[in-house]
Amino acid sequence: MATDHSTTIDAKTLETASDIQLFDSKGARVRFGDIYAEEKTITVFIRHFFCGSCMQYVAQLSTVRSEALKEASTRVVLVGCGDWHLIENYKKDTEFQGDIYANPDRKLYDVLGMVSNLQATPKGEEKRSYLKRGLLGNVLWSIWRGPLQNPSHVGKQGKISQLGGDFVFGPGTTCTYSSRMRHTEDHVEVAELMKAAGVSYP
């Protein structure tokens, strides 16, 4: 299993990952490999469904022009580690137009080498451009968007310390780009991700 943040996924690992079952927004099971079998797919693994930092990243992802994605024969999907029942609310909160899947047992996260911690951006390292709010503001916003607005979802958001990552899969059983989060504010810059996928941005 890969643990370095940019280690390429080998064929055996990718084959194992492709057979893992996820849930869509209706609770139907979806084989991971089927998501990118026919089309190049930028796959962003968020942390948990209450993570305000990831919501900011998804908001920046949503600025990618649909025409640019179409020209590159590419789409963008999200995967979260919480319960699938939270997907519709997440789409509403982030205004994300693509498909979102849930992997509550985090098996796919583990197979693809994503790790867990609660570290923030290290001292001396520049914060990612998608982080528009300060730490306190982000925490308060996350609480408001999550537990306060949807108290029935508490405990279903996914593991708080789980980190995500950003990948480009397909078409077929291929992975041409991988970047795993090293801390809670470490999604790759959208511009870099789009460049790796061959999508014009901005």
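Each of Thr8, Thr7, Val111 was compared with Thr13 under the side-chain contact (heavy atoms from CB on, under 4.5 Å) criterion, and only Val111 meets it.
For the side chain to side chain donor-acceptor pair (under 3.5 Å) test, no residue two or more places apart in sequence or in another chain qualifies with Glu71. Shown here are the side chain to side chain donor-acceptor pair (under 3.5 Å) partners of Glu125, two or more places apart in sequence or in another chain: His183. Evaluation of the side chain to side chain donor-acceptor pair (under 3.5 Å) rule for Glu189 yields Ser129 as partners, not counting sequence neighbours. Listed by chain and residue number, Phe32, Tyr36, Phe167 satisfy the ring pair (Phe, Tyr, Trp, His ring centres under 6.0 Å) test with Phe169 (two or more places apart in sequence, or in another chain). The side chain to side chain contact (heavy atoms under 4.5 Å, CB included) check on Asp34 picks up Arg31, with sequence neighbours excluded. The salt bridge (Lys or Arg N to Asp or Glu O under 4.0 Å) search around Asp99 returns Arg75, not counting sequence neighbours. Every side chain to side chain donor-acceptor pair (under 3.5 Å) that Asp186 has, sequence neighbours left out, goes to Arg128, Arg182. Residues passing the side chain to side chain contact (heavy atoms under 4.5 Å, CB included) test with Lys195: none are found, sequence neighbours excluded. With sequence neighbours left out, Glu38 forms a side chain to side chain contact (heavy atoms under 4.5 Å, CB included) with no residue at all. With sequence neighbours excluded, the residues that form a side chain to side chain contact (heavy atoms under 4.5 Å, CB included) with Lys26 are Asp24, Glu88. Considering only residues two or more places apart in sequence or on other chains, Lys127 meets the salt bridge (Lys or Arg N to Asp or Glu O under 4.0 Å) condition with Glu185.
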So Ile46 and Tyr90, side-chain contact (heavy atoms from CB on, under 4.5 Å) or not? Walk me through it. CA-CA 11 Å; Ile46 61 172; Tyr90 195 86; 3.6 Å; yes
Please report the C-alpha distance between Tyr177 and Glu192 in whole Å, then the side-chain angles of each, then the deciding distance to 0.1 Å, and finally whether the side-chain hydrogen bond (donor to acceptor under 3.5 Å, both in side chains) criterion is met. CA-CA 10 Å; Tyr177 180 85; Glu192 180 180 335; 2.8 Å; yes
Does Ser53 form a side-chain contact (heavy atoms from CB on, under 4.5 Å) with Leu131? I'd like the steps, not just the answer. CA-CA 7 Å; Ser53 296; Leu131 296 166; 3.8 Å; yes
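Under the 30°/60° scheme for interplanar angles, the aromatic rings of Tyr109 and Phe45 are found to stand perpendicular.
Identified under the side-chain hydrogen bond (donor to acceptor under 3.5 Å, both in side chains) test for residues 42-52, with sequence neighbours left out: none.
A donor-acceptor pair under 3.5 Å links the side-chain atoms of Thr74 to the main chain of Ala72, judged by distance alone. Formation of a donor-acceptor pair under 3.5 Å by the Ser62 side chain with backbone atoms of Val58 is found in this model.
Heavy-atom contacts from other residues, nucleotides or ligands closer than 6.0 Å to CD of Glu15 number 12 or fewer.
Rounded to the nearest 0.5 angstrom, Arg29 CZ and Ile20 CD1 are separated by 12.5 Å.
The two residues Asn103 and Leu108 make their nearest non-hydrogen contact at OD1-N, 3.0 Å.
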